[in-house]
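Below is one structure, written out as structure tokens; the observations come after it.
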Amino acid sequence: AVLSCALLLPTALGEDCPSQCSCWSLGEPWGTGVDCSSRGLHALPALPRLTRILHLHNNSLASIPAGALDSLGHLQEVWLWDNPWHCDCHIVYLKLWLQDFWAPALARLRCASPAALRMKPLGQLTGNDLGVCARLLPTKCLQFFWRDLILIAGAVVTLLLVAWALKFSKKLVCQLRLGSRRLRRSIPKTH
């Protein structure tokens, strides 16, 4: 059945399908099914943008690069079990992505390494299990943090200056009014 579906695929789909996988069309509006299971993959291949079903089970994947699945906005089903997941800071992306995308899948995925975490479900990993992961924060995130902090500090200082200026201007207006009343009283009327 998959072979007959492969023959019906448009040329563009064939170009997008990773060479080590097989793809089938789910129909024009529904996207693509991609089967990369049992292929001995050590890394995630480039996937068609319209992937809706993704089979990656029974491979040699130890982690998924951060952001690798973010562009697959049509994805509805992903099979990831039976891979030797290495549970260190590099697995955090997959864990968080699955929590948002398909939380039940976390229960099926287990760590293969390091030895202290062998057979522990990914869904049960904590920060203590993973150690210090701060070094994996992208530099851009830290740059945005400092930029945002400086912008917020600038906004606070600006608001304080505006409040001070309003208070000062209110005092000045009061003094001008009092001064003009005194001036009117001291000027004799010449009628």
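Bear in mind the structure is a predicted one, so any value in this text is a computation, not a measurement. FYI, the numbering just counts along the sequence from 1.
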- In chain order, what residues pass the side chain to side chain contact (heavy atoms under 4.5 Å, CB included) check against Ala62, with sequence neighbours excluded? His86
- Query: Does a side-chain heavy-atom distance below 4.5 Å link Pro114 with Asp88?
  - Reply: no
- List for me each residue that meets side chain to side chain contact (heavy atoms under 4.5 Å, CB included) alongside Asp35, sequence neighbours excluded, and say none if there are none. Ser22, Trp24, Ser37, Arg39, His55
- Query: Do any N or O atoms from the side chain of Tyr93 and from the backbone of Leu69 form a donor-acceptor pair under 3.5 angstrom?
  - Reply: yes
- Start with the C-alpha distance between Phe101 and Leu72, add both sets of side-chain angles, then the distance that settles side chain to side chain contact (heavy atoms under 4.5 Å, CB included), and finish with yes or no. CA-CA 11 Å; Phe101 176 75; Leu72 302 178; over 6 Å; no
- Message: Tell me the closest heavy-atom pair linking Cys23 and Thr32, and the distance in Å.
- Response: CB-CG2, 4.1 Å
- Message: Tell me the closest heavy-atom pair linking Leu56 and Asn59, and the distance in Å.
- Response: O-ND2, 3.0 Å
- Test item: Thr51 side-chain N/O and Ile53 main-chain N/O as donor-acceptor pair under 3.5 Å: no
- Message: Show, in sequence, the C-alpha distance, side-chain angles and deciding distance for Asn58 and Trp79, and conclude whether the side chain to side chain contact (heavy atoms under 4.5 Å, CB included) test is met.
- Response: CA-CA 9 Å; Asn58 196 28; Trp79 299 4; over 6 Å; no
- Which heavy atom of Leu26 sits nearest a heavy atom of Arg52, and at what distance? CD1-CB, 3.7 Å
- Message: Please enumerate all residues that pass side chain to side chain contact (heavy atoms under 4.5 Å, CB included) together with Pro45, with sequence neighbours excluded.
- Response: Pro18, Gln20, Cys21, Cys36, Leu41, Leu47
- Message: Would you say that more than 12 heavy atoms from the other residues, nucleotides or ligands in this model lie under 6.0 Å from the CH2 of Trp81, or not?
- Response: yes
- Is there a donor-acceptor pair under 3.5 Å between the side chain of Asp16 and the backbone N or O of Arg49? no
- Item | For the student: nearest non-hydrogen atoms of Leu44 and Leu61, plus distance | N-CD2, 3.9 Å
- Message: Closer than 3.5 angstrom, by distance alone: can the side chain of Arg118 be matched with the main-chain N or O of Ala112 as a donor-acceptor pair?
- Response: yes
- Query: Can you tell me how far CG of Asn83 sits from CD1 of Ile64, rounded to the nearest 0.5 angstrom?
  - Reply: 7.5 Å
- Message: Under the criterion side chain to side chain contact (heavy atoms under 4.5 Å, CB included), I'd like the reasoning laid out for Ser63 against Leu94: C-alpha separation, chi angles, the key distance, then a yes or no.
- Response: CA-CA 7 Å; Ser63 68; Leu94 179 61; over 6 Å; no
- Query: Are Val78 and Leu50 connected, step by step, through hydrophobic side chains (Ile, Leu, Val, Met, Phe, Trp, Tyr) whose heavy atoms are closer than 4.5 Å?
  - Reply: no
- Query: Does any non-hydrogen side-chain atom of Trp85 lie less than 4.5 Å from one of Leu125?
  - Reply: no
- Between Leu117 and Cys111, which heavy-atom pair has the shortest distance, and what is it? O-CB, 3.2 Å
- Residue pair Leu106 / Gln99: nearest heavy atoms and the distance that separates them: CD1-CG, 3.3 Å
